[in-house]
Amino acid sequence: MKKIVISTGGGDAPGLNAVIYAVVHACYRKGWEVYGSRNGYAGFMDIDEMVRLLPRDVAGIYSTGGTILGSTNKGDPFARPVQNLAGEIQIIDVSDKIMRNFNRMGFDCHIAIGGDGSLDIAHRFALKGMPVIGVPKTIDNDLEQTDRTFGFDTAVSTATDALDKLHSTAKSHRRVMVVEVMGRDSGWIALYSGISGGADVILIPEIPFDMEEVCEKIADNELQDKHYSIVVVAEGAGTVEGQTFNKGRGELGRTELILGGVGEYVAGEVRRRTDKDTRSLVLGHLQRGGSPTTFDRLLALRFGAAAVRLVEERVFDHMVALKNSIMVPVPIADAIKTRKKVDLTSDKIMTARDIGICLGDKDPDREGY
Ligand code: F6P
């Protein structure tokens with residue numbers, strides 16, 4: 001009989017609950033106990049934040065968004081900012097306390113569901129001796145060593161749906177609509193939704209964009225009697241001049257900048273340079289919400305069940321991954337080394353260019369188009 005603890009860390013993603021569902025059921029069938037740590041590592045610090053999970057507690061949750069355990073993307077246990085009595089911020093390391101509590105509570109394994117940040121923390125606990133299995137989550141799809149993360153398909157569907165709706169209003173008003181989507185380091189959401197949603201321009205972090213190229217595409221549309229354009233831009237995209245866009249560091253304990261503002265910038269430049277009516281909108285956290293698509297649900301359930309199999313096989317400090325349609329274990333250390341970028345030689349990039357989408361750079365084939 002084993003005692004497993006599961007946690008969800010970082011930004012939420014549709015499919016988290018499906019992983020929890022699969023872990024609870026797969027463990028229950030083996031006669032193992034499952035506990036959930038609320039809000040990332042809070043349960044390891046305070047017993048009241050550690051909850052027992054039985055099949056009845058997870059009934060039906062596989063189809064719901066968010067996470068029943070709560071999540072956080074601040075407060076790395078290895079460098080946690082706390083305010084002392086004098087009001088000063090001090091950075092403390094609570095990882096030893098978490099290790100002690102993990103052992104005291106008698107856990108055999110921690111299943112950590114997270115993106116690069118949470119998996120990096122999980123790996124550091126593994127180095128301290130905690131048996132850890134990782135499950136890859138992020139709507140950005142930017143984790144290495146797995147073909148897909150759950151949450152991405154749902155986010156792309158939401159963004160594509162939004163683009164479909166924008167076409168009619170853009171056309172009615174002969175406007176340029178600029179849509180900012182998520183994608184901190186990689187342009188997966190922008191590229192997939194932009195191609196599927198009929199965008200004229202897609203701007204991604206992997207290709208610094210030139211406003212002249214963007215405006216040329218909009219002018220091309222006019223010449224071809226198409227008097228509206230749709231521009232999709234990933235929040236992490238930057239200009240050829242090296243400008244990127246953020247809103248500062250945000251809440252205490254966050255390690256990442258809050259990105260945002262590139263859509264408004266692009267819209268402003270288009271308006272100034274083309275004199276066209278231009279509007280921008282930010283899809284933001286809409287992309288993280290809602291029910292997971294069938295693809296994400298199935299992927300998340302498969303990840304959860306595969307994670308429990310890895311516990312049985314004692315393959316720790318590994319993450320379950322999807323490679324060529326099958327579940328495989330990969331070292332967490334390999335998954336967190338770098339962010340998975342869009343391959344600029346891939347057929348998706350070629351498809352975008354082939355169907356006339358501007359990617360913000362000089363299109364080698366534009367001549368004669
Ligand atoms: O990592 C996923 C993500 O959705 C990023 O694309 C985005 O920059 C970030 O989370 C925003 O997170 P939050 O607003 O929760 O801090």
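In each ligand, atom 1 is the first atom listed, and ligand 1 is the first ligand listed. Computation of the quantities below employed the complete heavy-atom set of this structure, encompassing side-chain atoms and omitting hydrogens, waters and symmetry-equivalent molecules.
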Thr67-Asp12 side chain donor-acceptor pair, cut-off 3.5 Å: no
With Asp185 via salt bridge (Lys or Arg N to Asp or Glu O under 4.0 Å) - residues at least two apart: none
Within the 4.0 Å heavy-atom sphere of ligand 1, strictly under, residues: Asn73, Ile139, Asp140, Met182, Gly183, Arg184, Glu235, Arg254, His285, Arg288
Partner residues of Thr239 under the side-chain hydrogen bond (donor to acceptor under 3.5 Å, both in side chains) criterion, sequence neighbours left out: Glu241
Check: Asp296/Thr154 side-chain N/O donor and acceptor closer than 3.5 Å: yes
Minimum heavy-atom distance between Met99 and Met130, given as atom pair plus value: CE-N, 3.6 Å
Side-chain cluster (under 4.5 Å, hydrophobic types only) that Leu252 belongs to, other residues: Ile89
